[in-house]
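Order of the sequence lines fixes the chain letters, A, B, ..., with proteins taken first and strands second; residue numbering starts at 1 for each chain.
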Protein chains: 2
Amino acid sequence: MKSSKPTRAPTLDDVARTAGLSSMTVSRALNTPQLVRPKTVEKVMQAVRVTGYIPNALAGGLASRRSRLIAVVVPQINNNMFVDTIQTLSDELALRGYHMLLCVAGYTQQTESELVATLLSRRPDGVVLTGIHHSPALKKIILNAAIPVVEIWDLTPTPLDMLVGFSHEKIGMATGEFLLRKGYRRAGLLWTADRRAAQRKQGLCEVLSRHGIGEPGQVDVPLPASLALGRSGLAQLLTQENYDVIVCSSDTLAQGAIMEAESRGMIVPRDLAVIGFGDLDFAASNRPAITTVSIDRRDIGCRAATLLADRIEGVERDESIIDIGFHLIERESA
Amino acid sequence: MKSSKPTRAPTLDDVARTAGLSSMTVSRALNTPQLVRPKTVEKVMQAVRVTGYIPNALAGGLASRRSRLIAVVVPQINNNMFVDTIQTLSDELALRGYHMLLCVAGYTQQTESELVATLLSRRPDGVVLTGIHHSPALKKIILNAAIPVVEIWDLTPTPLDMLVGFSHEKIGMATGEFLLRKGYRRAGLLWTADRRAAQRKQGLCEVLSRHGIGEPGQVDVPLPASLALGRSGLAQLLTQENYDVIVCSSDTLAQGAIMEAESRGMIVPRDLAVIGFGDLDFAASNRPAITTVSIDRRDIGCRAATLLADRIEGVERDESIIDIGFHLIERESA
DNA sequence: TTGTACGCGTTATCAT
DNA sequence: ATGATAACGCGTACAA
């Protein structure tokens, strides 16, 4: 046993002492080695190894007013849609030297603004928010904190700060045009109750009504979407009307709808077409392959991370609103 | 405009000043209101509202040596298996007043030990690690930090500290016994290359060989598993041998295998049985419903959070190794 | 290139 | 029940 009770973690001072240097030099050797003589750096590294020193980011952040922490707020992660975005976000942030404080807001009792307030107590260098609809309280808190923010998964000309998203309404419209082009006239909606889905519906209905088609029938399902909800949802839709296409607010529902249809002896798309949303990884290889709307979910994470890190590090950026777009992929199911 | 340039966030002192109290009293009113006269608390709350004060957890953590931060390390999150665990973990931790620092180790270049070292610089109050196989460096860092740790998703009699998991080997054995009981004799494996899957395979092979059945044929697929890999994997298996059952290392692969089999005109399980793992949400409602091994992934998160929070807060616990078990659910596919 | 002095915003501790 | 004082461990600013 060398030191018996190292009851307290080694500090910069401990390292400095064993290296025979001042703590400031050690700090520099660790954070800005280019400002320190190589030999000295080596001595410091040696001392770090000996002491088992691990920097205290709490103290560092307090002193420097930079936490290298990004707070991320998402509604849910068992949703499948957000997971890729979060993973890319995390990877990209790690690459840039940031850690991710992840907050799943979904089932929390707190309002989003309370939640963000507690997150801000960590003094993150930036915040990622899902969606663009925030309470006045939330806006006030964020603007007051004067902290870089990226809103994701939605589009608006007036974001809080920066934004990476796409237009749900346009997706709805594109879907509507697709339906018309393919000759579908009796659409049924298998729809989740979230705001973004509602916007897609609006775009869809707008296009349909422009062509004299009334509001489609609809079955609502709760979040998170699942295969089971897709199956039961379709079953319910089939009792309503004689639809020729079912538009689903997610690929998961679409997969379930297809499964249910085929289990009843219907052939998709011959007897009933199905459209999904999201281009989840199973969509392309499903049988039948699911016609859906693809959005680059990873890209959202990547760009959000880059936008934030650049801003934090003072890199000039021309654009702070990024529309990553989408494309409708016609496959077999519709 | 009241105050024109609040260039710096309000501090405890600012609140104290506007409330006409000392900063210490404000701190107490916020953290331990029961030690402060109700009227005083009210005055403080008022001042907090006026100033828009948001506590600085960096400073608080530095002073109190408690960060109310839990670091969580997972290999991947687009894996579907871990997502529910993480979500529950996050929810449960939030309930207890902790934030989650999430680190997706999967594609990072850093070794797990470097990664944990940077996480420890945040001075988390606890750490959640996925798996039980760690480098000596990692172990040394963790033990040196003397920080509560929960390892999850695996079982060992000698965890670093606490553990919530289940026996992959036993799952393999249970699967093997199921195969034998159902009369399957020619098993093929559709398998991912992770350590836990390897352990399940080992248990499976052990049981089979005990009954005179040799090593099953196998096709390896990369992580993360997908429907597409399930389909192509089965296609490959079908060229090898005349299997009567395909054992998959995840439900996702199983779903793909079933789809591929049926697309070739085979009927599952009549012509070929398929078994999955995980009891993902689609397994029960798939057509045919997937026979699989269910583990309570949410429970892992819940218990890990509770174990950590209890330990941190000094609650006495009898057990620090929790085997959450599993059960094989026989459905239609095998 | 290295060192000194001080402050970051909070809580622990002791005193009143 | 409230206050005064001294850490907590580090980085900024400036000096040498």
Side-chain angles (χ1 to χ4, degrees), chain A residues 6-45 47-48 51-69 97 118 120-125 145, chain B residues 6-45 47-48 51-69 97 118 120-125 145:
Chain A
T7 179
R8 134 194 161 298
T11 71
L12 214 47
D13 273 316
D14 296 324
V15 179
R17 215 166 298 122
T18 86
L21 293 162
S22 82
S23 62
M24 201 50 236
T25 303
V26 175
S27 172
R28 271 193 286 257
L30 261 27
N31 300 318
T32 52
Q34 65 278 15
L35 299 185
V36 176
R37 189 149 47 95
K39 251 189 174 172
T40 312
V41 173
E42 192 37 58
K43 263 200 290 189
V44 169
M45 290 316 183
V48 166
T51 55
Y53 172 68
I54 293 183
N56 185 329
L58 261 35
L62 181 58
S64 69
R65 298 155 168 289
R66 301 252 346 253
S67 62
R68 303 204 77 86
L69 210 54
T118 67
L120 287 185
S121 74
R122 304 278 172 191
R123 296 299 186 265
D125 292 339
Chain B
T7 179
R8 131 195 163 298
T11 73
L12 214 47
D13 274 317
D14 296 325
V15 178
R17 214 166 298 122
T18 85
L21 293 162
S22 82
S23 61
M24 200 52 234
T25 302
V26 175
S27 172
R28 269 194 287 257
L30 261 26
N31 299 317
T32 53
Q34 67 277 16
L35 299 185
V36 176
R37 189 151 47 97
K39 252 188 173 171
T40 313
V41 174
E42 193 39 58
K43 263 200 289 190
V44 169
M45 290 317 182
V48 166
T51 54
Y53 172 69
I54 293 183
N56 185 328
L58 261 35
L62 179 59
S64 68
R65 298 157 168 287
R66 302 252 345 255
S67 63
R68 302 203 77 86
L69 211 54
T118 67
L120 286 184
S121 74
R122 304 279 171 190
R123 296 299 186 265
D125 292 338

Quiz prompt | Heavy-atom side-chain contact between Leu30(A) and Tyr53(A) under 4.5 Å | solution = yes
Quiz item: Any side-chain heavy-atom pair from Pro124(B) and Leu120(B) closer than 4.5 angstrom?
Solution: yes
Quiz item: Using Watson-Crick and G-U wobble pairs with both distances under 3.5 Å, what is the 5'-to-3' dot-bracket string of DNA chain D, with [ ] for crossing pairs and | for pairs outside the strand?
Solution: ||||||||||||||||
[atom1]/[X] to [atom2]/[Y] distance, rounded to the nearest 0.5 angstrom?
X        : Y         : atom1 : atom2 : value
Arg66(A) : Leu58(B)  : CZ    : CG    : 12.0 Å
Arg68(B) : Arg122(A) : CZ    : CZ    : 8.5 Å
Ser64(B) : Arg123(B) : OG    : CZ    : 13.0 Å
Leu12(B) : Leu21(B)  : CG    : CG    : 10.5 Å

Could you state the atom-to-atom distance from [atom1] of [X] to [atom2] of [N] in whole Å?
X         : N      : atom1 : atom2 : result
Leu120(A) : dG9(C) : CG    : P     : 15 Å
Arg17(B)  : dT2(D) : CZ    : P     : 19 Å
Glu42(A)  : dT2(C) : CD    : P     : 13 Å
Gln34(A)  : dT1(C) : CD    : P     : 10 Å

Quiz item: For nucleotides 5-16 of chain D, read 5' to 3', which letter fits each nucleotide if B means a protein heavy atom sits under 4.0 Å from the base, S means only the sugar-phosphate is that close, and - means neither?
Solution: ---BBBBBB---
Quiz item: Looking at Asn56(A), Thr51(A), Ile54(A), which one forms a side chain to side chain contact (heavy atoms under 4.5 Å, CB included) with Pro10(A)?
Solution: Thr51(A)
Exercise. Determine the sole option in Asp14(B), Val15(B), Asp13(B) for which the side chain to side chain contact (heavy atoms under 4.5 Å, CB included) test with Ser23(B) is passed.
Key: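 Exactly one option meets the side chain to side chain contact (heavy atoms under 4.5 Å, CB included) with Ser23(B), and it is Asp13(B).
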